[in-house]
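Below: the structure, in structure tokens.
Keep in mind the model is a prediction, meaning the values are calculated, not measured. Quick note: numbers below take in every heavy atom, side chains included, and nothing from hydrogens, waters or symmetry partners.
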Amino acid sequence: MRTFVRTVLTVLTLPIYGAWPAFAEPVPITSPAAAMAAVVAVLPEWPDGYRRAEGALEEPEGSAVAVFPGGYFATNAHVLGRATKADVRLADGRLVPAEIVGRDGRTDIALIRIEGQFSVPEIAEPPAPGGRVCAIGNAFGLGISVTCGVVSALNRSNAGFNPVEDFIQTDAAVNPGASGGALVDEKGRLVGLLSAIFTKKGDANIGVNFAASTRLLLRVAEDIKTNGRVRAARIGWRLAPLEAAERRRDSGVRIVGVADGSIAARSGLRAGDLLVRAGDRPVHLVSDARVAAFLARPGSQLALEVKRDGQPVRLDLELTE
């Protein structure tokens with residue numbers, strides 16, 4: 001599980017000795033307890049001399065959650081590290097090989113594939129802040145377990161872990177070993193991929209935990225499954241936060257540069273424009289605009305709302321790779 005210690009980022013995952021259905025018929029998922037059948041442990045095989053988590057006493061492990069039929073599981077890229085191969089540990093102690101389909105460092109999301117029948121949870125939008133959610137993973141190597149709490153916030157894009165973030169913040173207890181596990185709602189539907197812990201002193205839960213949204217998860221996982229990589233448009237803009245004096249009257253981010261011939265230029269954006277909304281997302285931070293652009297696939301349009309000379313202007317970005 002990734003943690004953020006002020007400005008220091010560390011990674012620690014530990015072994016799991018838990019149990020889950022092995023190659024059985026998929027179990028219908030109707031609750032957080034049933035969703036445990038969709039979460040497994042991942043054992044990456046790293047190059048000689050490479051250790052992902054300094055100080056780990058054992059060969060570290062992580063978690064993964066089924067996202068597509070056919071044995072496709074999502075996990076975190078940092079769980080795999082530099083691994084070229086990985087195994088999944090079954091309840092009876094067998095190790096089953098997992099194919100690493102691909103990974104995306106910008107979002108810390110990876111996709112692996114395992115032969116067999118596995119339950120795949122339904123995908124759902126996360127509850128509103130205050131809504132109940134549960135985290136499923138292999139905390140501290142004790143086995144697949146579930147902890148519950150609430151959604152603390154949505155659309156966190158500035159936690160500082162990855163270049164592109166769209167996090168659900170939760171107070172459900174998440175600890176080392178749970179990276180790549182599932183955040184589910186009360187019906188066991190998948191709403192996020194457990195990704196990170198924010199903490200000041202220790203690599204343990206203090207109630208500020210993050211899961212990548214299923215919107216971001218599927219955006220990445222579907223591209224990896226289909227193309228082996230994530231296709232993303234290069235907008236060609238330079239963005240900057242507003243100065244303190246500007247924030248007393250406006251909200252948004254300033255477009256301070258537009259590259260000649262870029263998507264931004266062809267769509268009519270100009271240096272000096274104030275970007276206030278991208279798609280369905282209000283833009284308060286540069287990171288908000290970055291994730292909104294990333295979530296829009298090449299070949300689609302992204303509607304923008306800007307202020308130009310104090311007047312509202314609506315533009316559409318025609319996204320190409």
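- Inspection of the Ser157 and Asp288 side chains reveals an N or O donor paired with an N or O acceptor under 3.5 Å.
- Under a 3.5 Å cut-off, the side chain of Glu165 and the backbone N or O of Ala159 do form a donor-acceptor pair.
- Annotation: cation-pi geometry satisfied between Arg219 and Phe294 (NZ/CZ under 6.0 angstrom from ring centroid, within 45° of ring axis).
- Between Glu305 and Arg314 there is no salt bridge, since no side-chain nitrogen of the basic residue lies less than 4.0 Å from a carboxylate oxygen of the acidic one.
- Residues Asp166 and Ser213 have side chains that bring a donor and an acceptor to within less than 3.5 angstrom of each other.
- Checking side-chain atoms of Asn76 against main-chain N and O of Val79 turns up no donor-acceptor pair under 3.5 Å.
- Taking each heavy atom of Ala86 and Pro44 in turn, the nearest pair found is CB-CA, 3.9 Å.
- Atom CG of Asp309 has 12 or fewer neighbouring heavy atoms from other residues, nucleotides or ligands inside a 6.0 Å radius.
- The existence of a salt bridge linking Glu321 and Arg229 is confirmed by a sub-4.0 Å separation between a basic side-chain nitrogen and an acidic carboxylate oxygen.
- Listed here is the closest heavy atom pair of Leu194 and Val174: CD2-CG2, 4.1 Å.
- The nearest pair of heavy atoms linking Ile224 to Val230 is CG1-CG2, 4.0 Å.
- Look at Asp223 and Arg231 and you find no salt bridge, because none of the NZ, NE, NH1 or NH2 atoms lies under 4.0 Å from a carboxylate O.
- The two residues Arg106 and Asn162 make their nearest non-hydrogen contact at O-CB, 3.3 Å.
- The aromatic rings of Phe118 and Phe73 sit perpendicular, their planes meeting at an angle over 60°, well past the 30° parallel limit.
- Of all heavy-atom pairs spanning Asp185 and Pro32, the tightest one is O-CG, 3.6 Å.
- Other members of the hydrophobic cluster containing Leu302, listed by chain and number, are Ile235, Trp237, Leu239, Val253, Ile255, Val258, Ile263, Leu269, Leu275, Val283, Val286, Leu304, Val306, Val313, Leu315, Leu317, Leu319; membership follows side-chain contacts under 4.5 Å among ILVMFWY residues, whether direct or relayed.
- Residue Thr214 comes nearest to Ala124 through the heavy atom pair OG1-O, 3.4 Å, listed as atom of the first residue, atom of the second, then distance.
- For Glu246 and Arg254, the salt-bridge test passes: some basic side-chain N is under 4.0 Å from an acidic carboxylate O.
- A donor-acceptor contact shorter than 3.5 Å links the side chain of Arg281 to the backbone of Asn155.
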